[in-house]
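Structure, as structure tokens:
The shown structure was predicted, so the numbers you read here are calculated from the model rather than taken from an experiment. Residue numbers begin at 1 in each chain, while the letters A, B, ... track the order of the sequences.
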There are 2 protein chains.
Amino acid sequence: MSIVYLPPHRTGDLHYLKRLNRSAILEMIRQTPGLTRADIATQAQLTKATVGNSVQTLLGQGWLSEGELHKSSGGRPGRALHLNDEHFALLGAEVGVHGLRLVACTLSGNIIESHHEQVLPASPEATAHTLAQLLKELKARPSMADRHCLGIGIALPGPVDPAAPVLRLAPNLNWQDVRFLDLIRPLVPEATSIWLMDNEAKSAAFGELYFRTGNIPHSLAYVSLGTGIGGGMVTDQSPPQLSRGAQGLAGEIGHTVLQPNGQYCHCGNRGCAETLASGWAIRAALGIAEDINLVDAISARQHDEDVQYVLRRAGETLGILLLNLHHTQNAAEIVLGGSLVQLGPAFLAPAQRYFAANQNRLLGNGQKVRLRILDDATFVAARGAAAQVLATVIHGSNDLV
Amino acid sequence: MSIVYLPPHRTGDLHYLKRLNRSAILEMIRQTPGLTRADIATQAQLTKATVGNSVQTLLGQGWLSEGELHKSSGGRPGRALHLNDEHFALLGAEVGVHGLRLVACTLSGNIIESHHEQVLPASPEATAHTLAQLLKELKARPSMADRHCLGIGIALPGPVDPAAPVLRLAPNLNWQDVRFLDLIRPLVPEATSIWLMDNEAKSAAFGELYFRTGNIPHSLAYVSLGTGIGGGMVTDQSPPQLSRGAQGLAGEIGHTVLQPNGQYCHCGNRGCAETLASGWAIRAALGIAEDINLVDAISARQHDEDVQYVLRRAGETLGILLLNLHHTQNAAEIVLGGSLVQLGPAFLAPAQRYFAANQNRLLGNGQKVRLRILDDATFVAARGAAAQVLATVIHGSNDLV
DNA sequence: TGTTGTTAGTTTAGAAAGAAAACTAAGACT
DNA sequence: AGTCTTAGTTTTCTTTCTAAACTAACAACA
């Protein structure tokens with residue numbers, strides 16, 4: 001892993017300061033659409049002059065648009081400021097075991113175009129080729145014609161060192177140490193300023209927090225329930241930061257051990273959560289072959305005793321896993337996604353029950369952490385990767401376009 | 001919990017910029033003693049003029065001192081800059097089940113004075129009274145006479161909401177929702193600018209990272225092995241940030257569940273790590289009464305089969321706990337402290353073995369996370385609380401001094 | 001309908017910070 | 001001693017933000 005030591009403390013010049021204030025203003029409007037220049041000046045402790053200046057620039061660059069007038073309370077009404085959802089586009093993609101998912105979305109995170117291509121796992125090179133082709137097609141759609149593409153984010157199913165950047169491992173694709181961006185960048189000739197890749201659950205976690213507006217939770221953990229179990233957590237910094245850990249293993253909760261002398265996991269250790277509560281574990285327990293769609297197979301046998309039992313046990317284990325995550329990272333909100341959410345209450349209800357019953361053991365009846373289950377997690381990771389592109393542009397060190 | 005939503009993005013004026021650069025310069029010298037003005041200008045991307053200006057101020061304020069000349073490489077030799085360890089003092093205290101611990105230390109973290117007072121658990125008010133008295137005595141020692149005291153940090157044995165600030169719970173002291181600073185502040189009349197309190201393991205974690213110089217690890221987790229099991233983690237931000245979570249429960253790894261239908265924990269749940277690997281658990285397994293010192297009792301019976309077995313089992317569980325922490329937060333270094341480190345290899349070796357054997361399962365033979373066991377953890381938390389005071393001064397929003 | 005009060009946003013003048021470049025200081029090498 | 005090189009300071013200039021005056025737009029009310 002490349003980042004091993006603490007990054008140096010930040011210094012800045014006047015240009016940096018201007019950049020800082022400009023992104024802060026943009027960020028405020030992003031989080032709270034409809035703010036006026038005066039609101040921003042008050043909240044950000046900047047003068048109206050400074051705010052007015054920056055807003056003018058941001059309007060000119062296509063980041064913001066002016067909206068309706070606020071209601072007057074006895075004075076000149078302020079003009080609402082919003083993100084300009086017409087000018088830019090963000091691209092996001094997810095490489096998964098079951099296919100490639102692509103989205104194009106606006107600054108607010110609204111999906112303009114999306115595509116899900118079912119492909120079998122292939123080599124990194126072949127996958128890059130296919131994805132490049134699909135990206136080109138997506139960019140060629142009419143709705144994308146007048147938009148400036150800020151960059152492309154790619155979510156991958158395994159631990160990623162985003163500094164290198166390299167995908168360290170993707171057991172389900174049988175990939176190892178893949179520099180995916182190096183493979184795909186040359187295949188998409190039109191220059192896009194930003195390319196990034198990250199772990200799928202981390203991208204998803206980031207997007208779920210970052211594209212929220214209004215009262216944005218302090219932190220958010222995303223648990224990705226698929227063939228394996230991944231996790232990502234966004235911490236309470238501003239801008240939000242993904243916790244990655246020293247080797248990119250933060251959030252690898254599928255390999256936390258819950259049964260010391262349990263079954264062997266593909267990682268070589270025994271009793272990992274993945275041997276008890278993952279798609280892989282459920283398949284193994286019910287003897288469902290790999291080439292059969294798990295969700296379909298289960299819904300066909302859903303009233304089967306065995307199926308109910310296996311799902312309940314897996315769900316209970318998931319509950320423990322969530323509680324352990326709660327007592328380790330204590331996110332303000334936990335979001336469950338991944339293909340296994342389609343298994344429904346037979347799997348998820350036991351987890352919810354266990355978590356609800358035990359999450360407040362220590363503090364008594366305080367505020368509860370919300371456990372949210374996504375209805376449709378299809379494009380969550382791809383959209384999250386797009387969110388990371390936006391965050392990189394807004395909070396990065398380059399000027400905004 | 002008071003902080004529930006994302007903090008607003010930071011803006012700043014010219015004064016803020018100056019403050020930012022000045023703390024960055026101070027922080028650089030703190031992390032790498034002996035830097036010259038020219039080194040700083042190069043690394044921080046500031047001009048020599050700006051650096052020279054700030055350094056002059058910092059020298060004048062007593063933060064820095066000039067040291068020896070560097071070796072010349074064919075030009076004028078630069079002058080080494082160090083923290084001035086004579087001018088300021090930091091105070092730290094820990095309220096524990098077995099007594100009160102106090103330290104006074106320099107900006108570099110060197111302990112000037114310390115005191116360990118064995119007292120039985122008492123009410124918050126009585127404890128505040130005793131601690132205030134001891135603090136006054138510590139401040140009155142001759143070595144403290146010419147020092148300006150920057151503030152006092154207090155480490156407490158339970159989850160703390162540092163924003164309020166309130167100690168939510170300390171099961172071993174039988175305290176709940178205690179605003180300890182409100183109790184002790186009026187009893188120490190001499191105005192100290194900064195008062196803060198935090199969880200004991202978090203303070204310890206912070207201090208272990210913050211008072212390091214040279215190659216500072218990217219992140220650090222501290223596991224406090226005592227009557228219960230606490231944890232704290234410092235993340236890879238600059239300045240380093242403690243992860244607290246939405247309710248201050250981040251790091252409460254003693255209540256992660258490792259045995260779904262295991263023994264009941266004092267928290268009410270079953271199979272918590274604390275029921276398997278804590279001082280409490282070892283006592284219970286060996287039938288050692290609460291009023292007997294655990295470490296003494298064990299060392300008296302250390303060749304006993306039962307004792308060996310219980311310690312080995314507890315150690316194995318600790319190993320799992322550490323691995324789970326590794327796969328959740330992935331700190332660059334894990335430090336073990338607390339009174340139980342004195343139990344030695346009979347307890348700790350199984351944990352080390354399990355962790356070493358399994359920590360690289362996912363990534364293969366990469367860089368290893370270091371597992372460090374403290375020889376003497378007596379003043380670690382108190383010193384860490386002092387470190388937090390320093391960090392608050394350096395990185396806080398007020399001007400230095 | 002005009003006058004007054006209030007708040008939003010802009011313009012202008014001024015202060016403060018860092019950058020750039022010239023300058024002085026101090027050592028190594030010839 | 002003279003030259004080269006690097007450290008650190010001083011001076012001048014540019015950039016950014018602030019402060020305060022100004023214009024704009026609306027409500028309330030006579």
Side-chain angles (χ1 to χ4, degrees), chain A residues 9-26 28-29 32 34-60 64-82 397 399-400, chain B residues 9-26 28-29 32 34-60 64-82 397 399-400:
Chain A
H9 195 56
R10 170 87 236 188
T11 57
D13 57 9
L14 290 168
H15 183 250
Y16 166 78
L17 185 62
K18 188 174 193 175
R19 178 75 177 70
L20 183 80
N21 287 337
R22 193 166 295 171
S23 19
I25 290 168
L26 181 53
M28 287 176 71
I29 297 167
T32 316
L35 286 177
T36 66
R37 291 167 178 80
D39 294 335
I40 296 167
T42 311
Q43 288 177 35
Q45 305 225 61
L46 294 169
T47 59
K48 292 189 289 176
T50 308
V51 174
N53 199 338
S54 277
V55 165
Q56 206 151 28
T57 311
L58 290 168
L59 285 166
L64 297 180
S65 59
E66 288 189 309
E68 73 292 1
L69 287 174
H70 275 209
K71 291 246 161 59
S72 162
S73 56
R76 172 175 170 178
R79 192 164 287 279
L81 297 167
H82 299 273
S397 51
D399 274 341
L400 301 166
Chain B
H9 194 56
R10 170 87 236 188
T11 57
D13 57 9
L14 290 168
H15 184 251
Y16 165 79
L17 185 61
K18 189 175 194 175
R19 177 76 177 71
L20 183 80
N21 287 337
R22 193 166 294 171
S23 14
I25 290 168
L26 181 54
M28 287 176 71
I29 297 167
T32 316
L35 286 176
T36 66
R37 292 167 178 80
D39 294 336
I40 296 168
T42 311
Q43 288 177 35
Q45 307 224 59
L46 294 169
T47 59
K48 293 189 289 176
T50 307
V51 174
N53 199 339
S54 275
V55 165
Q56 205 151 28
T57 311
L58 289 168
L59 285 166
L64 297 180
S65 59
E66 289 188 308
E68 72 291 359
L69 286 175
H70 274 209
K71 293 246 161 59
S72 162
S73 56
R76 173 176 171 177
R79 193 165 285 279
L81 297 166
H82 298 274
S397 50
D399 274 340
L400 302 166

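- Proximity note for A:L14 (side chain, C-beta onward) versus D:dC17, D:dT16, D:dA24: the nearest is D:dT16.
- Among C:dA19, D:dA25, D:dT18, the nucleotide with an atom closest to any side-chain atom of A:A49 is D:dT18.
- Each of D:dC17, C:dG18, D:dA27 was ranked by its minimum atom distance to the side chain of B:K18; first place goes to C:dG18.
- With C:dA26, D:dG8, C:dG18 as the candidates, the nucleotide lying closest to the side chain of B:P77 is C:dA26.
- Straight-line distance from the CG atom of B:D13 to the P atom of D:dA19: 9 Å, rounded to whole Å.
- Proximity of B:N53 to the phosphate of D:dT9: no side-chain N or O atom is located under 4.0 Å from OP1 or OP2.
- Here C:dG27 presents its P atom at 14 Å from NE2 of B:H70, a figure rounded to the nearest Å.
- DNA chain D is contacted by both A:L69 and A:H15; A:H15 maps to the nucleotide lying nearer its 5′ end (nearest heavy atom per residue).
- Between A:T36 and the phosphate of C:dG9, there is a side-chain N or O to OP1/OP2 separation shorter than 4.0 Å.
- Atom NZ in A:K71 sits roughly 18 Å away from atom C1' in C:dT6 (whole-Å rounding).
- The base of D:dA7 lies close enough to the side chain of B:R76 for a donor and an acceptor atom to sit less than 3.5 Å apart.
- Distances were taken from every side-chain heavy atom of A:T50 (C-beta onward) to each of C:dA17, D:dC17, D:dA27; the shortest belongs to D:dC17.
- Contact annotation for A:G52: backbone-only contact, meaning every heavy-atom pair under 4.0 Å involves sugar-phosphate atoms and none involves a base.
- With no hydrogens or angles considered, a side-chain donor-acceptor pair links A:S23 and A:R19 at under 3.5 Å.
- Computed from coordinates, the B:Y16 OH to C:dA17 P distance equals 15 Å when rounded to whole Å.
- Contacts of A:G78 with the nucleic acid, taken as non-hydrogen atoms under 4.0 Å apart, involve only primed sugar atoms and P, OP1 or OP2.
- The CG atom of B:L46 sits 11 Å away from the P atom of C:dA20 (whole-angstrom rounding).
- Closest to the side chain of A:R37, from the set C:dT24, C:dT10, D:dC26, is C:dT10.
- In this structure, A:L64 CG and A:I29 CD1 are separated by 4.5 Å, a value rounded to the nearest 0.5 Å.
- Checking D:dT9, C:dA20, D:dC17 against the side-chain heavy atoms of B:T47 singles out C:dA20 as nearest.
- Paired with B:V51 under the rule side-chain contact (heavy atoms from CB on, under 4.5 Å), one option of B:D39, B:I40, B:L35 passes, and it is B:I40.
- Between the C1' atom of D:dT6 and the CG atom of B:D39 lies a distance of 11 Å, rounded to the nearest Å.
- Under the 4.5 Å side-chain criterion, counting only non-hydrogen atoms from C-beta, A:L81 is not in contact with A:I25.
- The phosphate of C:dG9 has neither OP1 nor OP2 within less than 4.0 Å of any side-chain N or O from A:K48.
- Nearest-nucleotide assignment on DNA chain D puts the 5′-proximal partner with B:A38, out of A:R19 and B:A38.
- How far CG of B:L69 is from CZ of B:R79: 4.0 Å, rounded to the nearest 0.5 Å.
- The CG atom of B:L17 sits 9.5 Å away from the CG atom of A:N21 when rounded to the nearest 0.5 Å.
- In this structure, A:I40 places its CD1 atom 18 Å from C1' of D:dT18, rounding to the nearest Å.
- Here C:dG18 presents its C1' atom at 11 Å from CD1 of B:I25, a figure rounded to the nearest Å.
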